Structure formats: C-alpha cells, structure tokens
Amino acid sequence: MNDPHLEVREGEAPFRNPGWAGNTGEFELTEADVRGDEYVGTLLPDGGHPGAAPALPYILADKDPDAPLFEGPYRKRIEKILSRYPTAQAALIPVLNMAHELRGHISDETMATVADTLGLPHAYVRGVTSFYTMYNRRPVGRFLIQVCTNISCNLCGGEEVLAAFLAETGTELGETSPDNLFTVTEVECLAACGFPAAVQINSQYFENVTVEDVAPILEHLKGKAG
C-alpha cells in the first residue's frame with residue numbers, strides 16, 4: 001500500500017486516521033475549502049424555513065444569560081417550531097435548544113418560562129433538561145471546550161489532551177477561566193471516532209487533536225474573541 005495519505009508520520013500512533021486525504025475529483029479544493037471554520041450561511045434568529053427552525057445550532061460564542069426569550073424574531077421561530085410537531089410536548093427539545101442558544105445555559109427561571117410558554121408541567125421540563133447532558137445548567141465561557149475521552153479518543157491521547165486544555169486555561173473541569181473565555185469539560189463521545197482525539201468547541205469540531213495542538217487552538221480562539 002503506497003498511498004501517501006495513509007503513511008504514518010514519525011512519532012504518530014499507527015492507528016491514527018490522518019483525516020483529510022485530499023480531493024478525489026476534478027476540483028482543486030483544499031481542506032479549508034471543504035471544511036471551513038465557520039457556519040455555512042447565516043444563522044437566522046427567526047429560524048429561516050420552518051423545516052430548519054428546529055435544527056439550528058445552539059452553542060454560540062455570544063450568550064446573554066438575561067436575554068428575553070421568545071420575543072421578536074425568536075417568537076417567529078417558536079411558531080415555526082410548533083408548526084412542525086403535533087404537540088407542544090414533542091416540540092420541547094427544539095424550544096429548549098433555542099433558549100440554550102440565547103442564554104448559554106438553562107436556569108431554573110428559563111425552565112419555568114419554557115414550561116409556561118408550552119403549557120407543560122414545570123416538573124416535566126425539569127426532568128427533560130436534567131436528563132440531557134448537552135444542556136448547561138450554569139453559565140459557561142465564551143468557548144465551551146468539550147474533550148472526548150471515550151475509547152477511540154482515549155487510545156489516541158484524549159486524557160492528555162484534556163489535561164493540556166485544563167492546564168493551558170488554568171481551570172478545573174467545568175470551571176470557567178477568569179477572563180470568561182473558556183470552560184473545559186470531559187464528554188463520553190462526540191461521534192467522531194474516526195478522527196481521535198476529537199474536541200468540540202461550541203458547535204465546531206477539531207479532529208486528530210494532540211497535546212501540541214492545544215495551545216495553537218486556544219490562541220486561535222482568543223484571536224476570534226478579539
């Protein structure tokens with residue numbers, strides 16, 4: 001096998017997927033052309049097409065814990081979301097996602113507002129919110145760094161990558177850095193087992209992350225924060 005994309009680089013684990021293997025068609029596209037480092041298109045507060053309204057990303061850098069919920073364009077989005085589901089109960093998770101997008105976490109007050117808006121029991125909304133670990137229950141930094149340490153990532157240095165992020169940000173697990181930029185957490189699986197170690201920062205994935213990549217990634221994020 002002489003495929004240069006499958007060659008193992010010096011000092012690299014033999015089972016690490018090299019990731020980007022170049023374009024295979026007639027177009028000369030770079031990895032950046034294909035992957036990009038931002039969302040494709042514009043994130044519309046009103047949700048855009050009703051079919052897309054329930055599925056918009058909801059881990060954003062700009063968060064306002066006191067943002068009004070379900071007003072202005074966000075009222076239009078919730079109407080679109082409700083139009084896609086047979087009951088308010090079925091629409092609960094997309095509505096929680098929208099609240100999470102705006103405020104960055106789901107507080108007790110947010111859960112009560114969602115419950116009252118949908119006409120659902122407060123206890124039911126609390127049960128759903130506390131069940132799913134993707135919902136932050138307290139404020140997080142501008143960049144939420146989720147490091148996978150499940151089996152594939154663990155074998156490729158996930159634990160060491162996690163330790164490096166904590167050391168570089170000067171935080172403990174779940175703690176936010178003093179400059180309010182970074183919150184580092186450990187997660188079980190990011191569904192990117194082919195490219196370990198995988199790290200999700202807000203809604204962007206970083207693949208094949210090593211300890212050496214941690215400092216440059218953080219510098220990149222600081223640059224985006226201005």
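Values in this document were obtained by computation on a predicted structure and should not be read as measured data.
At least one side-chain heavy atom of Tyr124 sits under 4.5 Å from a side-chain heavy atom of Gln89. Counting only heavy atoms from C-beta outward, the side chains of Gln200 and Val187 never approach each other to under 4.5 Å. Counting heavy atoms from C-beta outward, Val95 and Thr117 have side chains that stay 4.5 Å or more apart.
Residue Glu186 forms a side chain to side chain contact (heavy atoms under 4.5 Å, CB included) with just one option from Ile145, Thr149, Val147, and that option is Thr149. Arg103 pairs in a side-chain hydrogen bond (donor to acceptor under 3.5 Å, both in side chains) with only one of the listed residues (Thr110, Asn136, Asp66), which is Thr110.
Residue Met98 holds its CE atom at 7.5 Å from CG of Leu69, rounded to the nearest 0.5 Å. For the atom pair Arg84 CZ and His49 NE2, the distance stands at 6.5 Å (nearest 0.5 Å). Remark: His220 NE2 to Phe143 CZ distance equals 8.0 Å, nearest 0.5 Å. Put simply, CG on Asp64 and CG on Leu102 are 8.5 Å apart, with the number rounded to the nearest 0.5 Å. With rounding to the nearest 0.5 angstrom, the CD atom of Glu175 is 9.5 Å from the CG atom of Leu166. In this structure, OH on Tyr205 lies 9.0 Å from SG on Cys148, to the nearest 0.5 angstrom.
The two residues Pro94 and Tyr85 have their closest heavy-atom pair at CG-OH, 3.4 Å. Across every non-hydrogen atom of Cys193 and Pro196, the tightest pair is O-CD, 3.2 Å. Across Asn180 and Val140, no two heavy atoms sit closer than the pair OD1-O, 4.4 Å. Nearest heavy-atom pair across Ala197 and Gly158 is CB-CA, 4.0 Å. In terms of heavy atoms, Ala225 sits closest to Leu181 at CB-CD2, 3.8 Å. What you find for Pro139 and Thr176 is that their closest heavy atoms are O-OG1, 4.1 Å.
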**Request:** Applying side chain to side chain contact (heavy atoms under 4.5 Å, CB included), run through Ile78 and Arg75 and close with a yes or a no.
**Result:** CA-CA 5 Å; Ile78 195 172; Arg75 165 55 61 180; 3.7 Å; yes
**Prompt:** Could you go step by step and tell me if Val199 and Val161 meet the side chain to side chain contact (heavy atoms under 4.5 Å, CB included) rule?
**Reply:** CA-CA 9 Å; Val199 178; Val161 169; 4.1 Å; yes
**Request:** Check the pair Gln146, Ile59 against side chain to side chain contact (heavy atoms under 4.5 Å, CB included), reporting the backbone distance first and the verdict last.
**Result:** CA-CA 11 Å; Gln146 300 179 78; Ile59 305 178; 4.0 Å; yes
**Message:** Could you walk me through whether Asp179 and Arg142 satisfy the salt bridge (charged side-chain N to carboxylate O under 4.0 Å, His left out) test, starting with their C-alpha distance in whole Å, then the side-chain angles of each, then the deciding distance to 0.1 Å, before giving a yes or no?
**Reply:** CA-CA 9 Å; Asp179 56 11; Arg142 182 174 179 81; over 6 Å; no
**Message:** Could you go through Asp108 and Met111, starting from their C-alpha distance and side-chain angles, then the distance that decides it, and tell me whether this counts as side chain to side chain contact (heavy atoms under 4.5 Å, CB included)?
**Reply:** CA-CA 5 Å; Asp108 291 346; Met111 283 187 277; 3.3 Å; yes
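The local environment of CG in Leu173 is crowded, with over 12 non-hydrogen atoms from other residues, nucleotides or ligands closer than 6.0 Å. Counted within 6.0 Å of CZ on Arg138, heavy atoms from surrounding residues, nucleotides or ligands total 12 or fewer; the atom is thus considered open.
Between the side chain of Lys80 and the backbone N or O of Gly51 there is no donor-acceptor pair closer than 3.5 Å. At least one donor-acceptor pair closer than 3.5 Å links the side chain of Asn202 to the backbone N or O of Leu144. Judged by distance alone, the side chain of Lys63 and the main-chain N or O of Gly141 form a donor-acceptor pair under 3.5 Å. Here the side chain of Thr171 pairs no donor or acceptor atom with the backbone of Ser177 at under 3.5 angstrom.
Side chains of Thr113 and Glu109: a donor on one and an acceptor on the other come within 3.5 Å.
Following chains of ILVMFWY side-chain contacts shorter than 4.5 Å, one can reach Leu118 starting from Tyr135, so the two form part of one hydrophobic cluster. Hydrophobic clustering of Ile, Leu, Val, Met, Phe, Trp and Tyr side chains at less than 4.5 Å, counting indirect connections, keeps Tyr132 apart from Leu190.
In summary, Glu219 and Lys222 engage in a salt bridge, as defined by a charged side-chain N under 4.0 Å from a carboxylate O.
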